[in-house]
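Both ligands and their constituent atoms are indexed starting at 1 by order of listing. Starting from 1, each residue takes its place in the sequence as its number.
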Amino acid sequence: MRGIKMGIAAAALAFAATSAQAADITIKFSHVVAENTPKGKMANKFAELVHERLGDRVEVEVYPNSQLFGDNKVLEAMALGDVQLAAPSLSKFGKYTSKLQVFDLPFLFKDMKAVEKFQQGPKGQELLHSMEDKGFIGLGYLHNGMKQLSASQPLIEPADADGLKFRIMSSDVLAAQFEAVQAVPLKKPFSEVFTLLQTKAIDGQENTWSNIYSKKFFEVQDHITESNHGVLDYLVVTSADFWNGLPDDIRPVIKKSLDEAIAYGNKISMEKAEADKKAIAESGRTTIHELTDEQRAAWVESMKPVWKQFEGDIGKDLIDAAVASNG
Ligand code: SIN
């Protein structure tokens, strides 16, 4: 009898566990960068906040360093329900919308303050919804920072890039940007960049201080030009099916946690850029070149025709709004 009672209790416990399991929500957050970057830290902070607020009801699993999906696959995986949250670079949405390409136009934003102003303004907020017809919802923008050029040789004048192979993210605007200085752009996943540079299969790349530092690109590139020629920021994205299917008492808590984690990531992004640049300079592994106003103007002049080239795809209204954010 006692045995039967215990059996019933065990079965009840097992049932409770199964029910709890069924009520649980798992959010897989996949990204490609190191944990010690604005995105890595933001994702971990988000997981912490959700755990504090929702306990066992929602679990956030963070997969950094392309462990789960590379950025080129993550949106397909999201559409299939294999991942619920990601924050790909704004340059990686070209298959789904041409509008976000505005962020790739070279020398469009004068600094991160201008980027923030544009993102938080009406046009930037509109862009969060630019892929809803494809089943994706933009939940917010996350900063990384301004991009720098790195190469196996000094890049001081635009002619220095002539004939060099540069890895780029999967963006036609970025391809046009390098073609404008007679360089050869190659679209490759982030996870391959270090090896491509190390083996000299490519000559250079463009990236932020935090990515150049955390992925050790500076150890295999003799020269970095502080060009600040473009922005590398992220769209925190989810699938409409997942988002709309969340229970009504859970969705606002997740959104609040995400907003706070993004604010934290954005706050540390500038400090990280400075600290990582300093660490790279102090490593003595590479030479950092600053451009004179005249040298920078020559890069602007060479690359700016790209704006006109993509005006039809992006929309003049968006480009004008981005330019206005510099004021
Ligand atoms: C990232 O910061 O998420 C990756 C950027 C890149 O692909 O260069």
Give the contacting part of [X] toward ligand 1: side chain, backbone, both or neither, where contact means a heavy-atom distance below 4.0 Å.
X	answer
Asn211	side chain
Gln205	neither
Asn207	side chain
Arg167	side chain

Based purely on interatomic distance, does [X] place a nitrogen or oxygen under 3.5 Å from a nitrogen or oxygen of ligand 1?
X	answer
Ser89	no
Lys39	yes
Asn144	no

Item to check | Lys NZ or Arg CZ of Lys45 over Tyr264 ring: under 6.0 Å, within 45° | outcome: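 Yes.
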Item to check | Numbering as shown, the atoms of ligand 1 that approach Val33 to under 4.0 Å (heavy-atom distance) | outcome: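 Checking each atom against Val33, I get 1 (C), 2 (O), 3 (O).
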Checklist entry - Looking at Val32, which atoms of ligand 1 are within less than 4.0 Å of one of its heavy atoms? => result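 Those qualifying, in numeric order: 1 (C), 3 (O), 4 (C).
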Next on the checklist: Classify the ring geometry of Phe178 against Phe166: parallel below 30°, tilted from 30° to 60°, perpendicular beyond 60°.
Outcome noted: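 Answer is parallel, since the angle falls under 30°.
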Next on the checklist: Would you compute the distance between atom NE2 of His229 and atom CE of Met303 and round it to the nearest 0.5 angstrom?
Outcome noted: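 Nearest 0.5 Å value for the NE2-CE distance: 6.0 Å.
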Checklist entry - Is there a heavy atom in Glu206 that sits closer than 4.0 Å to ligand 1? => result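 Judged by the 4.0 Å heavy-atom criterion, Glu206 does not count as contacting ligand 1.
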Checklist entry - Considering only heavy atoms from C-beta outward, does the side chain of Glu132 approach that of Thr97 to under 4.5 Å? => result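 SC-SC contact between Glu132 and Thr97 ruled out.
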Next on the checklist: Any side-chain to backbone donor/acceptor pair from Gln148 onto Asn228? Under 3.5 Å, distance only.
Outcome noted: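 Pair found, side chain donor or acceptor close to backbone of Asn228.
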Item to check | Short N-O contact, Glu260 and Lys256, less than 4.0 angstrom | outcome: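 The answer is yes: the pair qualifies as a salt bridge.
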Identity and distance of the protein heavy atom lying nearest [atom]:
atom	result
atom 6 (C) of ligand 1	Phe190 CD1, 3.3 Å
atom 2 (O) of ligand 1	Tyr234 OH, 2.5 Å
atom 7 (O) of ligand 1	Lys92 NZ, 2.7 Å

Next on the checklist: Out of the candidates Phe310, Tyr234, Phe118, only one should pair with Phe103 under the ring-ring contact (aromatic ring centres under 6.0 Å, His included) rule; please name it.
Outcome noted: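 For Phe103, the ring-ring contact (aromatic ring centres under 6.0 Å, His included) test succeeds with only one of Phe310, Tyr234, Phe118, which is Phe118.
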Checklist entry - Crowded around Tyr213 OH? As in, over 12 foreign heavy atoms under 6.0 Å? => result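 Atom OH in Tyr213 is not crowded, with 12 or fewer foreign heavy atoms closer than 6.0 Å.
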